[in-house]
Peer 1: 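So that we are looking at the same thing, I have put the structure below in structure tokens.
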There are 2 protein chains.
Amino acid sequence: MLSIRQAKTSDSDSIWRIFHAVVASGDTYVFDPNISRDAALAYWLDSSTRCYLAERDGKIVGTYILKPNQPGLGSHIANAAFMVEPSARGLGLGRAMGEHCLGEARRLGFRGMQFNFVVSTNNPAVRLWKDMGFEIIGTLPGVFRHSRDGFVDAYVMFRSLVDA
Amino acid sequence: MLSIRQAKTSDSDSIWRIFHAVVASGDTYVFDPNISRDAALAYWLDSSTRCYLAERDGKIVGTYILKPNQPGLGSHIANAAFMVEPSARGLGLGRAMGEHCLGEARRLGFRGMQFNFVVSTNNPAVRLWKDMGFEIIGTLPGVFRHSRDGFVDAYVMFRSLVDA
């Protein structure tokens with residue numbers, strides 16, 4: 001059984017466990033693989049950010065954040081980021097959180113969702129977002145210093161949340 | 001005579017004067033046109049940001065910031081933002097600051113420069129950056145709520161700072 005809910009302060013340990021495991025490999029997120037717990041939680045639980053957790057059989061196995069991608073005159077477009085515990089990959093958690101996130105973004109009145117930095121070699125993520133209606137809007141050349149592959153591209157991806 | 005130098009804390013009044021005049025019209029930057037002085041200076045003078053000023057005949061008429069566009073594994077790409085006092089437009093200040101900024105970015109070892117949000121209707125800016133070697137990497141649909149034109153596109157622009 002999978003359930004997704006908003007995070008509470010008491011979930012910090014679980015969030016840090018997942019965040020740390022995901023960024024340690026240096027192949028999907030820009031965060032310093034040695035980022036401190038405090039810096040990680042300050043980012044993931046920032047006051048302008050909504051944080052959600054995915055629970056599977058009582059264990060927290062994923063987390064995502066949802067926030068305006070820009071302040072003020074750009075705040076009608078959402079941004080989101082997703083992390084799945086490495087041992088829980090391939091079980092559809094990314095898709096389940098993605099669908100939940102799109103629903104929340106619509107509910108909150110966002111007109112679109114933008115990902116600023118999808119690492120081009122992160123095939124499962126690129127495939128998932130394309131499958132969920134996101135388009136690659138642009139390719140940023142060599143902007144990610146991949147821990148194994150060196151400088152690789154990242155994509156800006158976008159999908160509308162208003163009916164055409 | 002135009003000179004460009006790093007900002008000092010004592011320059012806050014001049015920076016706020018320019019920032020306020022530029023964002024008030026709501027046609028080029030995402031900042032809330034009614035942003036407070038404190039919030040504006042907190043952004044423009046953030047600790048991760050270098051701030052520069054352009055002085056013309058002893059008067060501060062422009063300012064720009066230079067910083068990493070991403071943390072950690074994306075910190076080799078620079079981001080920058082430029083503001084010219086409305087009464088000093090059309091005198092080449094944007095270009096002068098842009099050239100100074102590219103020089104500083106190279107000196108600091110950045111491998112490229114990225115603008116995340118160039119409002120598509122801001123023709124002088126789009127023309128200037130193209131002229132200075134930036135390419136439009138992608139078009140973000142309707143992401144800017146223009147004070148007069150409603151939802152308009154913004155561009156992601158990029159230029160490399162390493163020799164091919």
Peer 1: Tell me the closest heavy-atom pair linking A:V143 and B:F158, and the distance in Å.
Peer 2: CG1-CE1, 3.8 Å

Peer 1: Heavy-atom distance under 4.5 Å between the side chains of B:S75 and A:V30, does that happen here?
Peer 2: no

Peer 1: Within a reach of under 6.0 Å around CD of B:E104, are more than 12 heavy atoms found that belong to other residues, nucleotides or ligands?
Peer 2: yes

Peer 1: State yes or no: do A:L41 and A:Y52 share one hydrophobic cluster built from I, L, V, M, F, W and Y residues joined by side-chain heavy-atom distances below 4.5 Å, directly or via other members?
Peer 2: no

Peer 1: Against chain B, label A:Y29 side chain, backbone, both or neither, depending on which of its atoms sit under 4.5 Å from a heavy atom there.
Peer 2: backbone

Peer 1: Counting heavy atoms not belonging to B:H100, are there more than 12 under 6.0 Å from its NE2?
Peer 2: yes

Peer 1: May I ask you to check whether over 12 heavy atoms, not counting those of B:H146, lie within 6.0 Å of atom NE2?
Peer 2: yes

Peer 1: Determine, using the 4.5 Å side-chain heavy-atom cutoff (strictly less than), whether B:F115 and A:I137 are members of one ILVMFWY cluster.
Peer 2: no

Peer 1: Side chain from CB out, backbone as N, CA, C, O: work out which of these in B:P141 comes under 4.5 Å of a heavy atom of chain A, or both, or neither.
Peer 2: both

Peer 1: Transitively linked via ILVMFWY side-chain contacts under 4.5 Å: B:L2 with B:M97?
Peer 2: yes

Peer 1: Who wins among A:D32, A:N116, A:V162, A:T139 for the most heavy-atom pairs under 4.5 Å with chain B?
Peer 2: A:T139

Peer 1: Go through the atoms of B:I77 and report whether side chain, backbone, both or neither lie under 4.5 Å from a heavy atom of chain A.
Peer 2: side chain

Peer 1: Above 12 or not: heavy atoms from other molecules or residues under 6.0 Å from NZ of A:K130?
Peer 2: no

Peer 1: Does any heavy atom of chain B fall under 4.5 Å from the side chain of A:V156, the backbone, both, or neither of them?
Peer 2: side chain

Peer 1: Which atom pair, heavy atoms only, marks the closest approach of A:R145 to B:G72?
Peer 2: NH1-O, 3.7 Å

Peer 1: Among A:Q114, A:R111, A:H76, who wins on heavy-atom pairs under 4.5 Å with chain B?
Peer 2: A:H76

Peer 1: Below 4.5 Å from any heavy atom of chain A, which atoms of B:F144 appear? Answer side chain, backbone, both or neither.
Peer 2: both

